[in-house]
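Labels below follow one simple rule: chain letters A, B, ... track the order of the sequence lines, proteins then strands, and each chain is numbered from 1. Quick caveat, the model's predicted, so the values are computed rather than measured.
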Amino acid sequence: MIHARNLPFVTTLAIFVIAYGLCILQFPNMLSTRVIGNLLTDNAFLGIAAVGMTFVILSGGIDLSVGSVIAFTSVFVAVLVGSFGVHPLTAFLAALVISTLFGCLMGAMIRYLMIPPFVVTLAGMFLARGAAYLVSTQSVPITHEFIDTMLGFYIRFPGGGRLTLLAMVMLIVFAVGIIVASRTRFGANVYAIGGNIQSAELMGVPVGATTIRIYALSGFLSGLAGIVYTLYTSSGYSLATVGVELDAIAAVVIGGTLLTGGVGLIAGTFIGILLQGLIQTYIVFDGTLSSWWTKIVIGILLFVFIVLQRTIIWYSDRRLAVRQLKEV
Amino acid sequence: MTWFTRRLRRLAPQLVALAIILGIISLIAPGFLTISVQNGRLYGSLIDILVRAAPVALLTVGMTLVIATRGIDLSIGAVIAICGAVAATLISDGYSLPVVIAVSLGVGIVCGLWNGILVAVLDIQPIIATLILMVAGRGIAQLITEGVILTFNDDTFAALGSGSLAGIPIPIYLWVGTALIIGLLMRRTALGFLIEATGINRRAASLAGVRARFLLFSAYAISGLCAAIAGMIVTADIRGADANNAGLWLELDAILAVVVGGTSLNGGRFSITASLIGALIIQSINTGILVSGFPPEFNLIIKAGIIIVVLTLQSPAIMTLFGFIKATRRSGKLNHGTKEATR
Amino acid sequence: AKSLTVGFSQIGSESGWRAAETTVTKQEAEKRGVTLKFADAQQKQENQIKAIRGFIAQGVDAILIAPVVATGWDAVLKEAKEEKIPVILLDREIESPKDLYLTAVTSDQVFEGKVAGEWLAKDVGSKDCKVVELQGTTGSSPAINRKKGFEEGIKAASNIKIVRSQTGDFTRTKGKEVMESFIKAEGGGKDICAVYAHNDDMAVGAIQAIKEAGLKPGTDIKIVSIDAVPDIFQAMAKGEANATVELTPNMAGPAFDALEAYLKDKKEPKKWIQTESKLYTQKDDPMKVYEAKKGLGY
Amino acid sequence: MSAPHALLEARGIGKSFFGISALEDVDFTLQQGEIHALLGENGAGKSTLIKILTGVYRRDRGTIYLEGNEVSPDDVAAAQALGIGTVYQEVNLLENLTVAENLFLGRQPRRFGMIDRRTMRERSRTLLERYGLNIDVDALLSSYSVAFRQIIAIARAVDLSGKVLVLDEPTASLDANEVKGLFTVLRQLREDGVGIVIITHFLDQVYEIADRVTVLRNGRLVGSRAISELPRLDLISMMLGRELQHITRDHQAEPETIDDRGAPSIQFQNYGKKGSVAPFDLDIRPGEVVGIAGLLGSGRSETAFLLFGIDRADSGTATIDGQQVSIASPEAAIANRFGFCPEERKTDGIVGDLSVADNIVLALQAQRGWMRPISSAQKRELADSFIKSLDIRPADRERPIKFLSGGNQQKAILARWLVTEPRLLILDEPTRGIDIGAHAEILKMIERLCAEGMSLVVISSELEELTAVAHRVIVLSDRRHVAELSGRQLTTDGIIRAIAGTGETEAA
Ligand SMILES: Nc1ncnc2c1ncn2[C@@H]1O[C@H](COP(=O)(O)OP(=O)(O)OP(=O)(O)O)[C@@H](O)[C@H]1O
Ligand SMILES: Nc1ncnc2c1ncn2[C@@H]1O[C@H](COP(=O)(O)OP(=O)(O)OP(=O)(O)O)[C@@H](O)[C@H]1O
Ligand SMILES: [Mg+2]
Ligand SMILES: [Mg+2]
């Protein structure tokens with residue numbers, strides 16, 4: 001029997017499979033391994049950021065700084081490697097440390113100054129973007145043989161598709177994320193805080209430490225997403241990834257996680273990411289939509305998915321309830 | 001008198017922050033505080049702030065109500081674009097001003113009601129519900145203008161953005177007037193009280209017979225209405241509808257303004273006046289950056305820095321500390337009677 | 001022969017000029033019987049990369065890209081090359097090895113700025129001139145290059161000085177707002193001799209701000225900008241703007257020409273097809289230009 | 001067997017909120033192997049004291065010793081580490097987690113650093129079996145009623161309290177059987193040497209289980225006595241600072257009076273909802289008090305939800321004064337002059353951030369519509385009069401209601417409905433968490449309201465309370481109305497027999 005808690009996830013998965021099927025009916029080319037490989041590689045940085053976002057949202061918070069932190073990391077790494085000749089690994093490490101500390105700081109403000117996360121991270125969003133401008137306003141290319149090696153590493157599927165290193169990093173992050181959320185005390189504490197912060201505190205959950213860790217994790221993953229983005233584009237650009245946080249939030253919510261916190265699955269976010277990627281791929285394959293119809297169609301599809309999801313969940317909830325009663 | 005002191009106390013942190021920010025800017029940019037009359041119209045950076053604050057201030061009014069219901073409205077930037085596009089299209093098609101205004105306002109309200117349906121009836125979480133219109137709305141606006149900046153030549157409509165009446169720019173009348181009307185509507189009727197109750201505990205309010213859905217609808221509709229007025233001002237100001245850029249990311253400024261104004265994002269007690277002061281703070285920062293002459297690379301970091309400082313000083317943690325000090329002092333005063341408190 | 005299918009990855013629709021480029025590209029494709037697959041990237045490089053990958057997966061015959069930034073294209077272009085799909089860049093160049101694309105059809109953004117600067121230097125002669133600059137979006141390549149070009153253009157004239165420079169995000173609203181504050185900051189605008197705007201939209205905004213401050217744009221304060229969108233010609237006709245440097249929206253025409261030649265007899269085109277950066281002033285019968293440009297979807 | 005040190009000792013505890021003192025110079029001593037009742041009126045400071053002892057609030061003054069060593073737990077986790085387990089008054093568990101996750105939050109069994117779900121599940125089952133609870137521990141907590149949750153919370157606290165167990169009104173939602181089960185567990189723990197602090201407003205339970213009582217009044221210590229040397233009346237006057245007049249309805253004396261009240265004015269016929277409550281008939285006469293009794297989960301609250309339009313009935317009709325009406329929403333119910341005090345005060349009752357006065361006038365304002373606001377003068381007057389008549393403390397109408405003690409919140413919600421002058425008031429567990437003084441007040445008020453012609457439906461787990469106030473009691477079992485008792489039948493025993501009787505027939 002499907003557990004009530006997994007219902008949103010199963011629903012989203014079903015919607016995704018059906019939607020993909022419909023796409024293939026219209027464009028048989030979309031079944032190729034190439035499209036699947038692209039789906040994973042192109043959304044790798046978004047996926048990684050979305051894992052962090054899922055933890056934040058599960059705890060009842062939100063992190064608007066994600067896009068800016070990605071941009072900052074990419075510029076920072078690009079300038080270190082491109083202009084100062086630092087080894088990429090060192091630059092990655094430095095970037096991760098900075099983004100993690102940045103997350104820590106936001107977590108501490110949220111916890112100890114009691115400013116709502118929406119606002120703290122909104123200020124963080126301005127700050128990180130502003131810091132990126134200070135590092136460089138121009139786009140900075142990177143060429144380094146180490147990076148070329150990394151990019152050259154991929155597994156080829158039959159049919160021309162490839163599983164790149166970036167996609168692998170994302171899959172690993174998702175796997176680890178799933179385990180952390182469902183199998184560690186930290187994960188349980190995240191759900192607890194998201195369920196009800198007062199109750200969690202009264203049950204002995206270390207709310208302060210957990211909050212800081214959650215935002216540090218999101219900062220870390222944003223940094224990692226930034227690194228992946230840097231590799232993806234072999235450059236850093238301070239205007240990049242504007243509004244990516246909204247894409248991440250949408251993916252998390254489409255994946256069945258409640259913005260009020262406490263309910264949701266990391267795996268759902270994965271499907272959410274794939275669904276969004278699918279929409280974009282479909283629009284590219286269609287190739288007839290004007291700039292404005294693109295926006296409208298994305299909006300409509302978002303709406304349809306969410307309403308579909310709600311309806312299915314509402315309907316099955318009712319059936320579940322009736323069945324339980326009969327059993328009693 | 002006690003009412004007045006209570007109000008003042010509620011608004012004090014915002015007023016102080018505004019004063020300090022204006023003070024600092026005037027140190028960097030001399031002449032910032034001077035106001036003169038030119039061409040029969042008040043003129044000066046302070047006036048600029050009041051005029052330029054119009055869109056954010058209007059959005060802030062609606063956003064305050066939406067946030068009071070424990071929601072959030074990300075779509076208002078896009079609604080600005082839609083209503084601006086509608087107004088520009090109608091004006092260039094030669095419709096009369098009242099028709100243009102009425103239709104634009106109507107479109108804004110419809111947008112708000114759409115959000116209201118998603119939130120109140122379909123029970124979609126506000127951020128996501130309004131994200132849908134945020135994404136699609138800009139597309140709709142571009143659909144109306146077909147991607148171009150739709151310009152028009154109608155001086156009466158343009159006056160909504162750049163005209164003045166009795167020496168005072170018209171946008172100031174519009175936002176102050178709207179805020180006054182909506183503020184009175186909230187506080188002279190029971191709407192404000194019921195919205196607060198719904199925002200704090202929707203279930204308990206419903207069980208007490210409060211019609212939560214109606215209230216959610218009205219909050220989002222008012223938000224759409226305010227965005228429509230802002231959209232007309234923005235369009236009239238540049239004599240053209242720029243569907244792609246009008247109101248872009250303005251919703252974030254509006255949210256910041258509400259929070260700087262001290263209304264909790266968790267819904268409940270709200271103050272439109274405080275939010276408006278918040279909007280003025282945000283706009284002062286923006287204008288201050290422009291007149292200060294720093295290179296544009298620094299814009300965001302300055303803005304972020306100031307906002308973080310303001311938020312930190314106003315944060316519940318620091319305010320409790322403040323409040324605690326005040327409370328002990330007040331209890332000391334109580335022994336001497338209340339004379340001093342009213343002074 | 002079977003008709004060509006070409007994928008076009010456009011940046012977005014952030015300005016009138018961009019919309020015109022899209023319209024013209026679609027018109028050019030239709031004229032030649034080319035099936036155009038259009039993808040709007042909403043200002044995001046990652047979306048452009050996704051679109052290009054999508055085009056490759058669909059097996060298009062060629063790809064047009066209007067790149068949002070100069071860097072970061074190597075990997076995806078290599079993929080296209082492996083699939084033997086020719087790529088043509090529109091309107092901006094990129095920092096990738098030249099063998100990864102067929103050709104680039106662009107204007108020279110630095111040169112545009114330079115033309116504007118040189119015009120101003122000539123126009124003011126030896127008089128002292130304080131210029132205020134309305135920059136494009138911070139960090140965008142036209143903003144950087146047009147700034148650089150303008151500075152080169154006025155380098156020789158020591159009497160011309162940029163006194164204030166702030167971003168107007170390429171939009172009218174911000175152009176107007178920033179200009180208002182420039183006027184306040186520079187003695188009510190009387191000290192300002194000219195405005196240099198990185199695009200026409202900001203210039204139009206600035207013109208309104210100047211008028212509202214009780215000054216005459218075009219006379220009290222000179223206006224020079226770049227793009228040559230229809231609205232600036234209206235202003236020029238009224239004497240409210242002085243000069244604009246054209247950035248043609250027809251990048252696709254030359255691109256399709258080169259592509260067809262290449263596909264027919266493998267003739268490699270030049271690596272850079274430069275479009276003209278024509279200077280228009282009030283003498284060039286602005287109303288006529290306006291009428292000609294009106295229908296292009298600006 | 002007196003140990004050299006008391007198990008837990010607090011000296012000179014003081015605490016004030018926003019300059020208003022909640023506790024002043026309170027001493028409290030808990031011995032090993034002792035069940036210690038902490039008593040006092042609503043707002044006396046009981047919950048505050050235990051929150052200080054367990055690290056939720058920071059005290060302003062005073063010292064705490066555990067086994068003779070000074071301790072100062074900074075948060076609940078620290079207190080738990082010291083071996084102090086607590087169930088707070090507002091049952092604090094997480095609805096979004098499963099029962100097992102709730103039981104083991106923060107102390108999950110682990111294997112290789114990962115949570116060991118299977119062990120957790122098994123241990124949860126054994127843990128709950130002790131309380132006779134045989135439920136699906138993998139189901140979300142939200143699918144269980146308050147009573148179940150309370151037991152789960154207790155099980156959790158008992159399991160993690162090595163030395164001290166603190167229970168703040170643990171029996172408020174429990175029925176007699178479960179209370180008995182709980183007490184067995186507590187006695188067992190006492191044998192094992194655990195010190196137990198229990199807060200309750202049920203004096204019977206105090207006499208049944210406690211060894212010692214400590215009484216607080218208005219934030220001050222009144223005294224601490226062994227229960228064996230403290231007669232009931234003395235205890236009551238310690239708590240109230242005065243004597244209590246008791247009331248009980250004498251059923252034998254007035255069997256006819258109800259019928260005198262004339263024809264039923266509110267009738268529900270064949271009223272029910274699939275999956276919620278089986279169709280039932282219910283007639284209510286003016287001035288009548290109808291009690292509803294039943295075991296936990298028997299559908300009492302659900303019946304109330306139906307009557308008040310929170311759940312929509314899918315069969316049957318409602319008739320008022322001969323007119324058929326539709327009660328499809330709370331608004332419709334209120335329009336028909338119904339009122340409803342819900343059982344779950346925190347989520348369904350109070351609007352936390354609003355003041356007491358605002359909470360009191362909320363339903364009236366909703367009823368009048370948004371266009372006719374209640375003036376602030378009128379609000380002040382209404383609030384003050386009810387604060388006075390219900391003795392809500394502190395008597396500060398501007399204080400946010402969330403800062404009131406549980407019992408006082410309950411009174412404010414009651415006031416909310418009384419201002420609307422309803423013709424039918426539905427009370428779901430009206431006296432839960434209310435002190436004995438207020439309890440008597442509320443019962444008296446119920447009397448008075450009926451005398452004025454208002455009808456009441458009272459749901460209560462306290463059978464004495466039902467027999468005391470109700471003219472007629474409906475007994476529910478398995479979501480079905482199975483019996484109706486009135487007149488001479490209306491005794492606690494009668495109700496118990498009715499509940500049990502149907503249980504037997506079901507089993508047969
Ligand atoms: N967080 C708080 N903020 C402000 N005042 C509070 C807070 N918690 C409790 N109080 C006040 O402290 C006093 C004692 O409250 P407490 O909850 O300890 O009472 P109690 O004895 O547990 O009552 P009850 O039997 O109703 O639960 C009350 O006057 C209450 O209003
Ligand atoms: N045996 C059971 N297993 C699981 N859930 C149950 C069981 N019994 C009851 N419940 C749940 O508990 C809730 C109790 O229903 P209801 O509130 O009507 O009971 P009640 O008689 O009012 O008892 P209470 O005193 O707890 O309010 C229902 O929502 C039901 O789903
Ligand atoms: Mg208590
Ligand atoms: Mg119940």
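- For chain A, the nearby part of C:Gln42 is the side chain; its heavy atoms alone come within less than 4.5 Å.
- Residues A:Ser235 and C:Glu95 have side chains not in contact (no heavy-atom distance under 4.5 Å, counting atoms from C-beta outward).
- Note: C:Ser140 leads C:Ala75, C:Ser141, C:Ser140, C:Ala143 in heavy-atom pairs under 4.5 Å with chain A.
- Counting heavy-atom neighbours within 6.0 Å of C:Lys271 NZ, excluding the residue itself, gives a total above 12.
- In this structure, chain C has no heavy atom under 4.5 Å from any part of A:Thr230.
- There is no contact between C:Lys78 and chain A, counting heavy-atom distances below 4.5 Å.
- In this structure, chain A has no heavy atom under 4.5 Å from any part of C:Ser96.
- Nearest heavy atom pair, residue C:Lys50 against residue A:Asn43, reads NZ-OD1, 3.2 Å.
- When the candidates A:Thr241, A:Leu151, A:Leu46 are compared by the number of heavy-atom contacts under 4.5 Å with chain C, A:Thr241 comes out ahead.
- Proximity to chain A is absent for every atom of C:Gln43, based on heavy atoms less than 4.5 angstrom apart.
- For A:Thr281, no part lies under 4.5 angstrom from a heavy atom of chain C.
- When heavy atoms are compared at a cutoff of 4.5 Å, A:Asp148 does not approach chain C at all.
- In this structure, NZ on C:Lys37 lies 12.5 Å from CD1 on A:Ile283, to the nearest 0.5 angstrom.
- For A:Leu239, the part sitting under 4.5 Å from any heavy atom of chain C is the side chain, from C-beta outward, and nothing else.
- Using a 4.5 Å cut-off between heavy atoms, A:Thr143 makes no contact with chain C at all.
- Only the side chain of A:Tyr237 comes within contact range of chain C, with heavy atoms under 4.5 Å apart.
- Listed here is the closest heavy atom pair of C:Thr71 and A:Val140: CG2-C, 4.0 Å.
- Taking chain C as the reference chain and counting heavy-atom pairs below 4.5 Å, the highest number among A:Gly161, A:Ser136, A:Ser290 is found for A:Ser290.
- Sequence neighbours left out, the pairs with a member in residues 38-76 of chain C that pass ring-ring contact (aromatic ring centres under 6.0 Å, His included) are C:Phe8-C:Phe38.
- Listed here is the closest heavy atom pair of A:Asn29 and C:Ala57: ND2-O, 3.6 Å.
- Heavy-atom distances place both the backbone and the side chain of A:Asp42 under 4.5 Å from chain C.
- With rounding to the nearest 0.5 angstrom, the CG atom of C:Asp74 is 11.5 Å from the CD1 atom of A:Ile147.
- A salt bridge does not link C:Glu82 with A:Arg34: none of the charged nitrogens is closer than 4.0 Å to a carboxylate oxygen.
- Interface residue A:Gln138: backbone and side-chain heavy atoms are both found under 4.5 Å from chain C.
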Let me see the working for C:Gln45 and A:Tyr232 under side chain to side chain contact (heavy atoms under 4.5 Å, CB included), right down to the final yes or no.
CA-CA 10 Å; C:Gln45 182 177 24; A:Tyr232 181 55; over 6 Å; no
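- For the pair C:Ile49 and A:Thr233, the minimum side-chain heavy-atom distance is below 4.5 Å.
- The parts of C:Glu46 that come within reach of chain A are both its backbone and its side chain, each placing non-hydrogen atoms under 4.5 angstrom from that chain.
- With a 6.0 Å radius and a threshold of 12 heavy atoms from other residues, nucleotides or ligands, C:Gln274 has its CD atom above the threshold.
- C:Arg53 pairs with exactly one of A:Val35, A:Val284, A:Thr41 by the side chain to side chain contact (heavy atoms under 4.5 Å, CB included) rule, that one being A:Thr41.
- To the nearest 0.5 angstrom, A:Trp292 atom CH2 is 9.0 Å from C:Asp40 atom CG.
- Ranked by non-hydrogen atom pairs under 4.5 Å with chain C, the options A:Ser238, A:Gly236, A:Pro141 are led by A:Pro141.
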